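Below is one structure, written out as structure tokens; the observations come after it.
Quick caveat, the model's predicted, so the values are computed rather than measured. Remember, it's 1-based here, ligands and their atoms both numbered in the order they're listed.
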Amino acid sequence: MPRLPPEAKTHIDEAGLIFGDDFNDSYFSRDNGLEESRAVFLKGCGLPHAWSDKSSFVIGELGFGTGLNVLAVWDAWRKSHPKDAILHIVTIEGFLLAAELAKAAHTAWPELQDLSDKLIANWPVHAYGAQRIWFHEEAICITLLIGPCVEMLKNMAFQADCWFLDGFSPARNPDMWSEAVFAQIARLSAPRARLATYSVAGRVKTGLTTVGFDISKEPGFGTKRQRLEARLNRPPSPEIQRPTTAMIIGGGIAGCSLASALMKRGLKVDLFDSDPCAATKASGNPIALVKPRLDRADTAEGRFFRAAFLFARRIYGSLGAAFEETGVLEIGTDPLSKERLANLGDDPPLPADYLLQGENASLIHKKGGLAYPHAVLASLKQGAIGRPVCVARIAHENGQWRAFDERGVCVANADICVLANGPGIAQFTDMGPYLRGRAGQLSWASFAGGAPFMPVTGGAYAAPFHDQLVFGATFDPCDLRDAPPPVSVASHLENYDKLAGLAPDLARQIDVKTASGRTSIRVTTPDHLPIVGAVPQADPGLYVLTGLGSRGFTTAFLCAEIIASQACREPSPVETAIAKALSPDRFARRAAKRSHSKVHQ
Ligand code: SAM
């Protein structure tokens, strides 16, 4: 299977409407797509009334298509959404349309022009997996699942308050209306979820009834005689309160990304950091390279790194000069890495506006670039209450998390507590044994060439920064209890050797004897994936984000989004396999499995 999802095959028919060639059906009603959307889906799900008393409302949609239903919902939401509420739309698409086609389709409804412009400017990337797209000012969050319908549903976790079933007609598009799809819809529904569709085909009625929906036929739209409304017949469960306050321990890229993700959801955030000037953290480096780690195999890890990069790019898009889209050239430096890059170039997992094959088996990450950590952190934590305090102890009392300083004084109370203090999580949890330390020295020296060039990477990396060439970094095992080692000439020379292997032309333009640098400690894990989620066997509301290694400025945003979504009981931004691969309980799970298989040998 190619690494890129299939493209939609379409043409514009004689009525000027977009038509799906593979399914021999049109994307929306010939009578008026927008009116159909309102009459079938919004009315069918009781919107906008159904969201009138909700602080968070989740719509599931099968068939994102041109995004017209999304625009219709968005239009209703902007006119009537409850104060401080967030609308989540989780929508599936196996054959993503090009943005220009969707844009052309929207032109029939000038009243939606402004919303269409926003959606088109943030159009999903043509790549497999879940992509989260925030429209923060409008309090709308879209999670687009690109891939085959039933597989994507099986691999997600959310509770929809209502569903729009908008595949092509059941006779022409049976995969969207299968028993397996209906079973997933029931699994992913809130107890009294509503559902609407234009189809009253027998298989739809039977499929929905079998999985527990009560159905009713209503007068249809346009030339269609009838449409379907349904409601899941499952007893309601008590609503769990969303948290309103959070304390975050650690103010590096992990903590600041969390602060931003939680504030976006209206939480009041206390951000604790005993080293607010980032003197010791990797987040204090002058630059950070941002590029995806691309894998050949389609694994949860590979999907995580790709999704994290796509999400990071969306966040950087809102951080102004804190990020520069320079592009990044990835070079193979040994036969294995050359082969890997050649293979990825031949069959890329990202579209051509993101990834191009370069010369000599290299890859050009067109949307990669440089993040400026100081500016990134400052921007992310705006609005959080900065606390330059060393938290010595935390405790869960009367449903609240409390933080105490070294004198035993309680310095904060919050509904949830997130540990984002790198190796320091060992102080508050028993997860210390799963952490590994790597001391990294970054070097820089005056650069005779001076002219900007595209940053290069391949094991090590080199990038321009003002009139300096930044290169490195070392990655030496170290004890996490130790302070970062002092900057050393030996490490400058090691970095220089790597630079000479990676980009000999650049190496020739600096004098390593004049190099300066900085060391910091990176926290990694045995499987090189971050630790993201609820702390196992702890009281509720305690989360951890650590182990970002040397990729924090690419991965922290999605990790923070996973935790914020879990804490606020919102749809997951990632596939379940990814959440599981990052989950803090994975090490204990694996250990239990190992000892179980030993016993049974
Ligand atoms: N709601 C859309 C809109 O507002 O424009 C129209 C949806 S169109 C009728 C049906 C969509 O389902 C198409 O975009 C099609 O590519 C998608 N689709 C069809 N089969 C699919 C499958 N097996 N998995 C995922 N998506 C599929």
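- Between R265 and E570 there is a salt bridge, with a side-chain nitrogen of the basic residue lying less than 4.0 Å from a carboxylate oxygen of the acidic one.
- When only interatomic distances are considered, the shortest N/O to N/O separation between C149 and ligand 1 falls below 3.5 Å.
- With ligand atoms numbered from 1 in the order given, ligand 1 contributes 19 (C), 20 (N) to contacts under 4.0 Å with heavy atoms of N173.
- Salt-bridge check for K291 with E330: passed, with a basic side-chain N closer than 4.0 Å to an acidic carboxylate O.
- If you check which protein heavy atom lies closest to atom 10 (C) of ligand 1, you get D166 O, 3.2 Å.
- No close placement of the F323 and F553 rings is indicated, their centers lying 6.0 Å or farther apart.
- Scanning the protein heavy atoms around atom 16 (O) of ligand 1, the nearest turns out to be E93 OE2, 2.5 Å.
- Among G63, G65, S169, the residue whose heavy atom lies closest to atom 1 (N) of ligand 1 is G63.
- Of all protein heavy atoms, the one closest to atom 22 (C) of ligand 1 is M176 SD, 3.6 Å.
- Ring geometry, F158 versus W163: the interplanar angle falls from 30° to 60°, so the pair is classed tilted.
- Salt bridge present: R586 and D527 bring a charged side-chain N and a carboxylate O closer than 4.0 Å.
- Checking F41, Y27, F64, F95 against atom 3 (C) of ligand 1, the nearest heavy atom belongs to F64.
- Within a 6.0 Å sphere centred on CD of Q241, heavy atoms belonging to other residues, nucleotides or ligands number 12 at most.
- Closest to atom 5 (O) of ligand 1 by heavy atom, among L97, T66, D22, is T66.
- Per-residue contacts place G67 under 4.0 angstrom from the following atoms of ligand 1 (heavy atoms of the residue considered): 3 (C), 4 (O), 5 (O).
- Ligand 1 lies nowhere less than 4.0 angstrom from a heavy atom belonging to M152.
- Heavy atoms of G147 approach ligand 1 to within less than 4.0 angstrom.
- For the pair A8 and ligand 1, no heavy-atom separation below 4.0 Å is found.
- Near F23, meaning under 4.0 Å from any of its heavy atoms, are these atoms of ligand 1: 19 (C), 20 (N).
- Close contacts between ligand 1 and G94 involve ligand atoms 25 (C), 26 (N), 27 (C) [criterion: under 4.0 Å to a heavy atom].
- Aromatic ring centres of F64 and W123: separated by under 6.0 Å.
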*Intermediate values then yes/no, ring pair (Phe, Tyr, Trp, His ring centres under 6.0 Å), F57 and W77*: CA-CA 11 Å; F57 192 83; W77 180 253; 7.6 Å; no

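- No salt bridge links K43 with E218; every basic N to acidic carboxylate O contact stays at or beyond 4.0 Å.
- With respect to D75 and R38, a salt bridge is recorded, a charged nitrogen being found less than 4.0 Å from a carboxylate O.
- Close N/O approach between L68 and ligand 1 is found [any backbone or side-chain N/O within under 3.5 Å].
- Shown in contact with D175 at under 4.0 Å from a heavy atom are these atoms of ligand 1, numbered in order with element: 23 (N).
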